[in-house]
Protein chains: 2
Amino acid sequence: MRVISKSGEYGLRALLHMASNQDNERFFNIREMSDELDISFHFLTKILQVLTQKGILQSYRGPNGGVGFLKSAEEITLAELVRALEGDDFFDKCLLGLPGCGERQPCPMHAYWMGIRNNLKDEFETTSLADLGKNTRLQHLRLIA
Amino acid sequence: MRVISKSGEYGLRALLHMASNQDNERFFNIREMSDELDISFHFLTKILQVLTQKGILQSYRGPNGGVGFLKSAEEITLAELVRALEGDDFFDKCLLGLPGCGERQPCPMHAYWMGIRNNLKDEFETTSLADLGKNTRLQHLRLIA
DNA sequence: ATATTTGCAGACAAAATACTCTTAATTCTT
DNA sequence: AAGAATTAAGAGTATTTTGTCTGCAAATAT
Ligand code: SF4
Ligand code: SF4
């Protein structure tokens with residue numbers, strides 16, 4: 001079950017790492033994060049670039065540069081992150097993956113899927129990045145072999 | 001959002017089609033289904049082969065051959081179909097896609113994901129193929145351009 | 001028996017996704 | 001001003017998923 005693509009996963013892990021280690025205003029060095037989280041540096045860089053372009057992060061080049069939040073983790077919803085990482089239509093697409101259909105001519109699964117989808121959407125909309133971090137004391141975002 | 005892979009989607013659409021058109025014991029011709037549902041014949045064939053191998057369908061070769069159910073649509077759960085189509089570990093994997101972690105060293109999202117996952121699993125376990133068909137009168141499994 | 005219809009199996013091709021590398025632009029340090 | 005550190009951008013490669021093709025095996029019909 002790949003609700004979230006690999007790159008989306010990496011993005012979320014990085015953001016969660018940042019939210020968990022937020023010792024004030026500092027920028028997070030991407031190289032350090034990629035080492036820490038065992039993600040390819042260049043790949044992570046590209047993913048975070050997108051988040052910067054979408055206005056979720058800000059970036060700074062040069063020595064001690066890095067990426068940082070623009071809003072506080074409390075103000076960032078999981079839904080907006082997922083939309084940024086996976087595409088704006090994330091919650092609009094059929095969960096089955098079928099394009100272009102809806103209420104007008106629903107397939108036998110439609111009512112069923114809509115229920116599941118709306119639940120998921122509601123949960124994502126009402127969950128902040130900060131909320132996610134509260135669920136555990138461990139900041140275990142690395143892979144566990 | 002690709003909860004279910006393309007091939008899984010094709011498999012489900014075919015099964016739903018079969019469940020909806022079950023005029024007694026007959027076998028469904030794969031070519032007819034692939035035409036009807038706009039799925040590549042060979043690809044669909046391969047997907048249904050797997051379902052046959054996993055004991056969800058039975059097949060018959062030769063003239064008027066095809067594939068058919070072994071159990072009634074009421075007895076087939078969505079969960080077992082998804083497990084057959086997407087892999088037995090479908091409900092065990094991290095929704096995020098991370099391998100090999102669990103309660104022992106949960107990441108900040110763990111509790112959150114487990115809740116969503118268990119809900120989904122429960123729904124899938126208690127929903128039969130027949131239930132899915134009941135959700136609408138239209139048997140609209142084709143793409144809607 | 002032989003030919004026809006069907007599913008089975010595996011090799012092959014194309015497309016999407018994931019990952020790597022090289023170069024440029026920006027900021028800091030001295 | 002020069003050089004080092006760091007992200008940005010985009011080309012290039014690898015892997016996975018999706019889809020196609022070709023021939024074989026089983027069942028039927030004549
Ligand atoms: S009608 Fe069926 S295929 Fe279309 S959006 Fe609804 S669930 Fe998806
Ligand atoms: S700890 Fe995090 S990464 Fe691991 S299974 Fe739970 S949610 Fe997934």
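Chain naming here is simple, since letters A, B, ... match the order of the sequence lines and numbering starts at 1 in each.
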| message | Near DNA chain D, counting only heavy atoms under 4.0 Å, which residues of residues 42-49 of chain A show up? | response | A:K46, A:Q49

| What residues in residues 56-64 of chain A put a non-hydrogen atom under 4.0 Å from any atom of DNA chain D? | A:S59, A:Y60, A:R61, A:G62, A:P63, A:N64

| In chain order, what residues pass the salt bridge (Lys or Arg N to Asp or Glu O under 4.0 Å) check against A:E125, with sequence neighbours excluded? | A:R83

| Can you name the salt bridge (Lys or Arg N to Asp or Glu O under 4.0 Å) partners of B:K121, sequence neighbours left out? | none

Can you name the side chain to side chain donor-acceptor pair (under 3.5 Å) partners of [X], sequence neighbours left out?
X      : value
A:T45  : none
A:S128 : A:D131
A:S59  : none
A:T52  : none

| field | Of B:S40 and A:N29, the one whose closest DNA chain D nucleotide lies more 5' | value | A:N29

If I take atom [atom1] in residue [X] and atom [atom2] in nucleotide [N], what distance separates them, rounded to the nearest angstrom?
X     : N      : atom1 : atom2 : result
A:F27 : C:dT27 : CZ    : P     : 11 Å
B:F28 : C:dT6  : CZ    : P     : 15 Å
A:I4  : C:dA18 : CD1   : P     : 12 Å

| field | Contacts of type side-chain contact (heavy atoms from CB on, under 4.5 Å), residue A:L85, not counting sequence neighbours | value | A:L12, A:I47, A:L51

| message | Is there a side-chain contact between A:L132 and A:L78 in this structure, where contact means two heavy atoms from C-beta onward sitting under 4.5 Å apart? | response | yes

| query | Would a 4.5 Å heavy-atom cut-off, applied to side chains only, mark B:H17 and B:R13 as touching? | reply | no

List the atom pairs, donor and acceptor, that lie under 3.5 Å between side-chain atoms in residues 61-73 of chain B and the rest of the protein, sequence neighbours left out.
{"from": "B:K71", "atom 1": "NZ", "to": "B:E80", "atom 2": "OE1", "distance (Å)": "3.3"}
{"from": "B:K71", "atom 1": "NZ", "to": "B:E80", "atom 2": "OE2", "distance (Å)": "3.2"}
{"from": "B:S72", "atom 1": "OG", "to": "B:E74", "atom 2": "N", "distance (Å)": "3.4"}
{"from": "B:S72", "atom 1": "OG", "to": "B:E74", "atom 2": "OE1", "distance (Å)": "3.3"}
{"from": "B:S72", "atom 1": "OG", "to": "B:E75", "atom 2": "OE1", "distance (Å)": "3.3"}

| Which pairs, with at least one residue in residues 35-65 of chain B and sequence neighbours excluded, count as a ring-ring contact (aromatic ring centres under 6.0 Å, His included)? | B:Y10-B:F43, B:F27-B:Y60

| task | Tell me whether the OP1 or OP2 atom of C:dA18 has a side-chain N or O from A:Y10 closer than 4.0 Å. | result | no

| Touch check for A:E32, heavy atoms < 4.0 angstrom, all strands: base, sugar-phosphate only, or nothing? | nothing

| task | Go through DNA chain D in 5' to 3' direction and return only the first and the last nucleotide with some atom under 4.0 Å of chain A's heavy atoms. | result | D:dA5 to D:dA11

